[in-house]
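Structure, as structure tokens:
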Amino acid sequence: MGKKSNTSRKGKKAWRANISTEDIHDFFEKSTKDALSGGSLTSAPTESLFFIDKSQDLSVKKKIEKKREKVLRVDSMLKKNPFVEAVPSSKQKSSKKKKKEALNAKDVVQDVPKDETVPDSGMVPIWGDGGQHSGKARQVSKQSIIPAVEVEPPGCSYNPTFDSHQDSLAQAVAEEMQKAYKIELGPQPVPLTVMGEVVDEDDKYFIEADDENDDEMDEENLSEDDKATEKRPLKIKRVTRVELNKRARRKEQQKKEAEAKKAEEFSKDIDNLPDILQEIAKEDEEKQKRHLRKAIAKQERLKACPPRLGKYKFQAAPPQVLLSEELTGSLRKLKGCATLARDRFKSLEKRGLIPPSARSGRK
């Protein structure tokens, strides 16, 4: 770039034409920038520009503790979830002191005045203190009516009396006979194949000839019927206005008769109201008796067998009764049998603790 040319400065006009206005433009640009940014820093007070830092740096021990507070995801998964309540493994016996403390706490809660923020409808905010449930979950277990160890009748002993042994034998025989009768008198299965009589060759010819004659007769009858239907002319009866009016009057008369019959029955029911009330009372009484019988039968059924748990039904074990030839009167001469594990397994099935399994027999 070359030097700036010297302009002429003769006269006032020349002076005015050659005066530079850059510093004025710079001043205006700076003032607009300061106005847009919130004011110039030269006019701002020192309190707004600077402040005294009174905070202290954390010690090394605190920094280490802060880092230790961070839990990894692997460790957080192993931790106990606070939103899931743990199921207690066994019920602890609550002492009298704890019961008294709980009663005192209830009294204190009742004496506390009701918060105005909680509405009268009993709705409690979910994230508030009222929504927290501090009580433990109650575990309700259904106790079985059947005892864990059932005592067999005295006739099943290794050295029973004659009468008790005969009673137990009779009961076992009755159960087996009941099973046999149930199979015999039950619905018979549908046979897969139907057994028929053997037909001779001479009879076959007669059967075939009869079938052919029947077919010919059927064909002749069908052809005659078709011809008769073809010859018969189709007549369409036209319904007149008189017939339509008769039908409408008959329909209206039937409707009136039905309404009169209904009103008559209703008046009869009103007259027989005491009898109807007695019938309703009898029906209610019968329903209550039926319900009571069903409840008693259900209790008896639960004593005998458990509720249905799985695919298979529970089959009770046969009574362990010794035959008259097997009675020895001594434990040393008693025939050994490994039925203890099977007996405990059947007891668990009978009490409804495990579902019954299929009978697995050796082939």
Side-chain angles (χ1 to χ4, degrees), residues 86-96 137-192 291-363:
V87 179
S89 58
S90 60
K91 281 191 175 182
Q92 297 178 355
K93 292 183 179 179
S94 57
S95 59
K96 292 182 180 179
R138 289 185 67 187
Q139 188 180 4
V140 181
S141 60
K142 290 184 179 180
Q143 292 184 353
S144 178
I145 305 168
I146 305 163
V149 180
E150 291 183 278
V151 181
E152 299 250 350
C156 298
S157 176
Y158 71 96
N159 188 19
T161 60
F162 180 76
D163 295 335
S164 60
H165 182 249
Q166 290 298 317
D167 292 341
S168 298
L169 268 177
Q171 189 176 357
V173 170
E175 286 180 6
E176 292 298 324
M177 291 299 293
Q178 191 176 3
K179 288 179 185 176
Y181 286 144
K182 196 173 182 181
I183 293 167
E184 287 179 7
L185 301 172
Q188 293 182 357
V190 179
L192 297 174
H291 182 70
L292 188 63
R293 283 197 299 271
K294 280 184 180 178
I296 293 166
K298 190 178 180 182
Q299 291 290 332
E300 294 293 330
R301 194 165 58 251
L302 285 174
K303 284 179 185 177
C305 62
R308 188 74 174 266
L309 293 179
K311 182 181 177 182
Y312 304 101
K313 285 184 180 180
F314 172 74
Q315 293 180 354
Q320 302 296 323
V321 188
L322 295 173
L323 299 174
S324 301
E325 299 84 22
E326 295 175 351
L327 287 174
T328 57
S330 175
L331 278 171
R332 291 182 179 180
K333 296 179 182 179
L334 190 66
K335 190 179 178 181
C337 55
T339 56
L340 183 60
R342 196 183 300 122
D343 179 60
R344 290 296 86 211
F345 191 74
K346 280 287 179 186
S347 175
L348 290 172
E349 286 183 355
K350 194 173 183 180
R351 284 181 284 157
L353 298 176
I354 57 173
S357 57
R359 184 183 289 178
S360 58
R362 290 183 181 178
K363 293 183 181 179

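Just so we're clear, the structure is a prediction, and the values are computed from it rather than from any experiment. Scope of the values below: all heavy atoms of this structure, side chains included, with no hydrogens, waters or symmetry mates.
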Is the shortest heavy-atom distance from the side chain of [X] to the side chain of [Y] under 4.5 Å?
{"X": "Gln166", "Y": "Thr161", "value": "no"}
{"X": "Leu322", "Y": "Pro160", "value": "no"}
{"X": "Glu175", "Y": "Pro319", "value": "yes"}

Heavy-atom pair with the smallest gap, counting every atom of [X] and [Y]:
{"X": "Phe345", "Y": "Ser357", "answer": "CE2-OG, 3.9 Å"}
{"X": "Cys156", "Y": "Val321", "answer": "SG-CG2, 3.7 Å"}
{"X": "Glu152", "Y": "Gln320", "answer": "OE1-N, 4.3 Å"}
{"X": "Ala148", "Y": "Arg344", "answer": "O-NH1, 3.1 Å"}
{"X": "His165", "Y": "Gly155", "answer": "CD2-O, 3.7 Å"}

Please check if the side chain of [X] supplies one atom and the backbone of [Y] the other of a donor-acceptor pair under 3.5 Å.
{"X": "Arg308", "Y": "Gly310", "value": "yes"}
{"X": "Ser157", "Y": "Pro154", "value": "no"}
{"X": "Lys333", "Y": "Leu327", "value": "no"}

In Å and rounded to the nearest 0.5 Å, what is the [atom1] to [atom2] distance from [X] to [Y]?
{"X": "Ile354", "Y": "Phe314", "atom1": "CD1", "atom2": "CZ", "answer": "10.0 Å"}
{"X": "Gln171", "Y": "Leu169", "atom1": "CD", "atom2": "CG", "answer": "10.5 Å"}
{"X": "Ile146", "Y": "Glu349", "atom1": "CD1", "atom2": "CD", "answer": "11.5 Å"}
{"X": "Glu184", "Y": "Met177", "atom1": "CD", "atom2": "CE", "answer": "7.5 Å"}
{"X": "Glu150", "Y": "Lys346", "atom1": "CD", "atom2": "NZ", "answer": "12.5 Å"}
{"X": "Gln178", "Y": "Ile183", "atom1": "CD", "atom2": "CD1", "answer": "11.5 Å"}

